[in-house]
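Working notes, beginning with the structure itself.
None of these values were measured; they are calculated from a predicted model.
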Amino acid sequence: QVQLVESGGGLVQAGGSLRLSCAASVASGIIFSFNAMGWYRQAPGKQRELVAGITRGGSTNYADSVKGRFTISRDNAKNTMYLQMNSLKPEDTAVYYCNADVTTGTLSTRRSNYWGQGTQVTVSS
């Protein structure tokens, strides 16, 4: 019922910045709300890891490797989540995925977990 689409990835030089966006879309007439949301990344040969998360109440958490450099945020009016990435390093190179825990419906609700298709971030040295 919900689709997530990432954008904003690309090639950037070390020390540069990128802002990733994750836009949620839903069929007309369907009521939905976000619960926990987050950004994950997966590098070649590595397991997918949580980069940053944000709860329904707005609290955030970050992987130690990105703390102080990345900022997660959301715009509820636009149904969009962002990841501002500053001071990028080559080790940040990965496919970045957005994830959302979503509740749909009104009287009869359903809670589901959704993944985006991913966006490539490449940081050159």
Requested in this report: Would you name the heavy atoms of Gly58 and Arg74 that are closest together and state the gap between them?
Outcome: N-NH2, 3.6 Å
Report task. Verify the neighbour count for atom CD of Gln3: are there more than 12 heavy atoms of other residues, nucleotides or ligands below 6.0 Å? Result -> no
**Report entry** Within 6.0 angstrom of Gln117 CD, more than 12 heavy atoms from elsewhere
**Finding:** no
Query raised in the report: With Thr80, which residues qualify under side-chain hydrogen bond (donor to acceptor under 3.5 Å, both in side chains), at least two apart?
Result: none
Report task. Output the distance between atom CG (Asp101) and atom OG (Ser112), rounded to the nearest 0.5 Å. Result -> 8.5 Å
Query raised in the report: Do you know the tightest heavy-atom contact between Ala43 and Ala94?
Result: N-CB, 3.8 Å
Query - Same apolar cluster (I L V M F W Y, side chains within < 4.5 Å links), Leu20/Val12 - result: yes
Requested in this report: Report yes or no: does Thr93 contribute a side-chain atom to a donor-acceptor pair with the main-chain N or O of Thr122 at less than 3.5 Å?
Outcome: no
**Report entry** side chain to side chain contact (heavy atoms under 4.5 Å, CB included) partner of Leu18, the single match among Leu11, Val121, Asn86
**Finding:** Val121
Query raised in the report: Sequence neighbours excluded, which residues qualify as side-chain hydrogen bond (donor to acceptor under 3.5 Å, both in side chains) partners of Thr60?
Result: none
Report task. Could you tell me which non-hydrogen atom of Leu4 sits nearest to which non-hydrogen atom of Cys22, and how far apart they are? Result -> CB-SG, 3.9 Å
Requested in this report: Write down the atom of Val66, the atom of Val51, and the distance for their closest heavy-atom approach.
Outcome: CG2-O, 3.6 Å
Report summary line: Rounded to the nearest 0.5 Å, the CD atom of Glu6 sits from the CG atom of Asn99 at a distance of 10.0 Å
Query raised in the report: Looking at the rings of Tyr40 and Trp115, which for Trp means the six-membered one, are their centres under 6.0 Å apart?
Result: yes
Report task. To the nearest 0.5 Å, tell me how far Ser124 OG sits from Gln13 CD. Result -> 5.5 Å
Query raised in the report: Thinking salt bridges, do Lys89 and Asp92 make one under a 4.0 Å N-O criterion?
Result: no
Requested in this report: Give a yes/no verdict on a cation-pi contact between Arg48 and Tyr97, requiring under 6.0 Å between NZ or CZ and the six-membered ring centre and an angle within 45° of the axis.
Outcome: yes
Query raised in the report: What distance separates Arg56 CZ from Phe34 CZ, expressed to the nearest 0.5 Å?
Result: 12.0 Å
**Report entry** For the student: nearest non-hydrogen atoms of Met81 and Gly38, plus distance
**Finding:** CE-O, 3.4 Å
Requested in this report: Could you state whether Trp39 and Val95 fall into the same hydrophobic cluster, counting links through intermediate Ile, Leu, Val, Met, Phe, Trp or Tyr residues with side-chain heavy atoms under 4.5 angstrom apart?
Outcome: no
Query raised in the report: Between Thr103 and Asn35, does a side chain to side chain contact (heavy atoms under 4.5 Å, CB included) hold up when you go through it step by step?
Result: CA-CA 7 Å; Thr103 297; Asn35 305 124; 3.0 Å; yes
Report task. For Tyr62 and Ile72, indicate whether the former's side chain and the latter's backbone hold a donor-acceptor pair under 3.5 Å. Result -> yes
Query raised in the report: What is the distance from atom OG of Ser28 to atom CD1 of Ile30, rounded to the nearest 0.5 Å?
Result: 8.5 Å
Query raised in the report: Which atom pair, heavy atoms only, marks the closest approach of Tyr96 to Met85?
Result: CE2-SD, 3.9 Å
Requested in this report: List the steps, then state whether side chain to side chain contact (heavy atoms under 4.5 Å, CB included) holds for Glu91 with Ser65.
Outcome: CA-CA 9 Å; Glu91 49 263 45; Ser65 59; over 6 Å; no
Requested in this report: Please confirm whether the backbone N or O of Phe70 pairs with a side-chain atom of Gln84, one donor and one acceptor, at under 3.5 Å?
Outcome: no
Query raised in the report: Is Tyr114 reachable from Tyr82 through a run of hydrophobic residues whose side-chain heavy atoms are each under 4.5 Å from the next?
Result: no
**Report entry** Single-linkage hydrophobic cluster, 4.5 Å side-chain cutoff, Val26 and Val102 together
**Finding:** yes
